[in-house]
Each structure stands twice: as structure tokens, then as C-alpha cells.
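One structure below.
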Amino acid sequence: MAPAPLPIVRTVAELRRHVQAWRKDGHGVGLVPTMGALHAGHLALVDASAKANGRTVATIFVNPKQFGAGEDLGRYPRREAADVDAMARHGTDLVFAPSVDEMYPDGHATTVSVAGLTDRLEGGHRPGHFTGVTTVVTKLLLQAMADRAYFGEKDFQQLVVITRMARDLDIPVEIVGVPTVREADGLALSSRNEYLTSAERAIAPALHRGLRRAAEAIAAGTPARQASQESAAAILKAGFASVDYLECCGADDLEPLDQPDRPARVLAAARLGTTRLIDNVLVPPP
Ligand code: PAF
């Protein structure tokens, strides 16, 4: 017998009805927020949720509020049917795919923002981006009232910001970070990798190579500023057009660190043709 098709709901009311029924039956609930265009990195989030929770709800919503003017909202890949298929194969129990009007009805006027943590790195280069992210994630957390919510370490600043936001607002959810999934040559999986031409795709792993080189040099005692400059130069030499930032930061507070004395990560964003890629790696502990 063919498995029952994965239910897709489009309203908050329907989502809540499903979650309430699950809770009544004693199931824990995991939430996997996505903007669709799924790759193996997203599916690792679904797998982690399905393993730890009786029921998993995955969301598909290309959130216009987290794209700035001139960014890629219009060309962001959309393929709901294929995404739903993949989610079903990985143990999702329900897909929530609301419209923009359902999420932001006429008169929507409230935003959530996290001060400090969002000023630098991605926040410094994408004004308003994190307010868009924290507003939509707050809404999704309150709509689903899940026990756990899953986010990739690939967007490391986003993970730190959302963790702080949930703590600061006493949202009763555990925020779970899931390691980055990479291609064999080190390129972090991202829906935006689809924008790369084949020549750019060949250059793209230089971002991860540069990050690893910086992290290893820092772990060996090179001051982070020097290691970062050398890695940024190597990334440019490989063919990237520009490096927005490449910095060693505290893993919990994202404060710049020159000689790490606590857990640290090196984070970078760089442009390759018309595509902006981000990635980060852990600085190996001593
Ligand atoms: O990481 C993403 O795909 C998005 O920023 C998120 C968390 C789904 C919010 O729109």
C-alpha cells in the first residue's frame, strides 16, 4: 500500500490543530524552519528532528522580510512539490507552507530584533536581514509551539542570534544546531550554490579552504587578524570578486578574538560572480 501523502497546511489555525492533536496523543514536537529549495543540509535538520521527536513539522516560507533591496528574493529557487517529497522521505509528519498574507496580514506592524549580536558580520553587510529572520522565526516558534527547533550551523550567526532570542524572550523551545553538510570538495551546501556557473562552482571550495587555513593557523598561534588577512587574500586569488568579512569570533557572543582563549569560530562571506556565499568553521581547540 502506498504511504499516505504528507499533509500540507497553509494556515496557522490548521497547523495548531495538528500540533494540539499530537500533543494530546503524548508526542513531542520538532520544528524545522526552511525557505524550501531543500538540499542534504536541510534534510539533516529533518533527520535530527525525526530522531528526537515523536512528530516533526517542517516549514517552507520564503520570507520577504529577510531580503534587502537588490538581494535575490525574486530569483530564490522555489520548488514546493520536490521539497515536500524529500521531507516525506525523511520522516516529516506535516508541512506548513503559508502565504505571505498568512504570515504578514494587512496591518502587521511588530518586529523582533536582537541588539548587539546582529550589528556585525552578516548584520553589518545586510541591514535589516536579522530583524526579518528573528521576526519570522519568533512567529514560527509561537505558531508551532514545538519542543525543539532545528537550524544549521552553516548560518552560524543566525543560530547564535536565534538561540539568544529564544532565551531572552523565554520562548519555551530548545534551539538545536546541526553541523554543516558539505560537498566532497568542502563547499558548504546552500540553496544559493545553484546560482553558480560551472566555472564559479570550481572556484567556490576556496572559501572553505581559506577558512580552514585561517582556523588552523590561529590554533597554531598566529594572531587571528594576520591569519584572516592571509586567508582572505588566498580566497581573492582563487577567483572570488570580494570578501565581505573573514573574522575569528567567540562562538557564543561573536565578539572578535585575536588570540582565542575560549571556543571560537572563523566566519566569512564572499562574493563569486553574482552569488554571495557564507561559511564558517570551528577553530580547533588546543
Ligand atoms: O535559514 C533559513 O533558511 C531562514 O533564515 C529561516 C531560518 C528559515 C527563516 O526564514
Side-chain angles (χ1 to χ4, degrees), residues 12 15 30-49 56-68 71-80 82-84 86-87 90 92 94-100 102-104 108 110-114 117-118 121-123 125-144 146 148-166 169 171 173-181 188-195 267 269 275-280:
V12 177
L15 168 65
L31 175 73
V32 180
T34 83
M35 297 204 300
L38 300 193
H39 49 65
H42 295 109
L43 297 172
L45 306 181
V46 176
D47 290 341
S49 175
T56 290
V57 49
T59 73
I60 301 175
F61 180 62
V62 182
N63 174 33
K65 294 199 185 285
Q66 68 188 77
F67 290 79
E71 291 190 350
D72 56 341
L73 174 61
R75 73 165 172 156
Y76 200 84
R78 288 160 171 88
R79 41 168 183 267
E80 184 180 287
D83 289 343
V84 171
M87 284 168 170
H90 284 258
T92 304
L94 179 74
V95 174
F96 177 48
S99 65
V100 172
E102 178 70 9
M103 289 300 272
Y104 302 117
H108 181 273
T110 303
T111 56
V112 175
S113 54
V114 176
L117 279 180
T118 60
L121 306 169
E122 281 305 273
H125 289 268
R126 302 184 66 189
H129 167 67
F130 278 119
T131 297
V133 170
T134 44
T135 299
V136 82
V137 172
T138 300
K139 285 174 69 72
L140 292 168
L141 293 175
L142 296 176
Q143 289 162 351
R148 296 177 195 85
Y150 294 79
F151 298 88
E153 286 184 352
K154 145 99 175 14
D155 296 292
F156 193 77
Q157 186 177 15
Q158 170 174 280
L159 173 62
V160 173
V161 166
I162 289 170
T163 303
R164 179 75 62 85
M165 175 195 82
L169 296 180
I171 302 176
V173 66
E174 180 190 345
I175 302 297
V176 183
V178 176
T180 304
V181 179
L189 296 194
S190 163
S191 306
R192 290 185 167 103
N193 292 350
E194 293 178 21
Y195 301 155
L267 297 91
T275 307
R276 186 170 180 278
L277 298 177
I278 67 171
D279 198 355
N280 69 90

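Counting convention: from 1, in listed order, for ligands and their atoms alike.
Applying side chain to side chain donor-acceptor pair (under 3.5 Å) to E71 and the options Q66, R126, R276, H129 leaves one that passes, R126.
Side-chain N/O atoms of N63 and Y104 include a donor and acceptor closer than 3.5 Å.
Residues passing the salt bridge (charged side-chain N to carboxylate O under 4.0 Å, His left out) test with R75, sequence neighbours excluded: none.
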Under 3.5 Å: N or O atoms of ligand 1 paired with protein N or O:
| residue | atom | partner | partner atom | Å |
| --- | --- | --- | --- | --- |
| ligand 1 | 1 (O) | Q158 | NE2 | 2.8 |
| ligand 1 | 5 (O) | Q66 | NE2 | 2.9 |
| ligand 1 | 5 (O) | Q158 | OE1 | 2.8 |
| ligand 1 | 10 (O) | Q66 | OE1 | 2.6 |

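Look at K154 and D279 and you find no salt bridge, because none of the NZ, NE, NH1 or NH2 atoms lies under 4.0 Å from a carboxylate O.
Aromatic pair F96/F61: ring centres not closer than 6.0 Å.
Remark: side-chain polar atoms of H125 are not paired, donor with acceptor, to backbone N or O of E122 under 3.5 angstrom.
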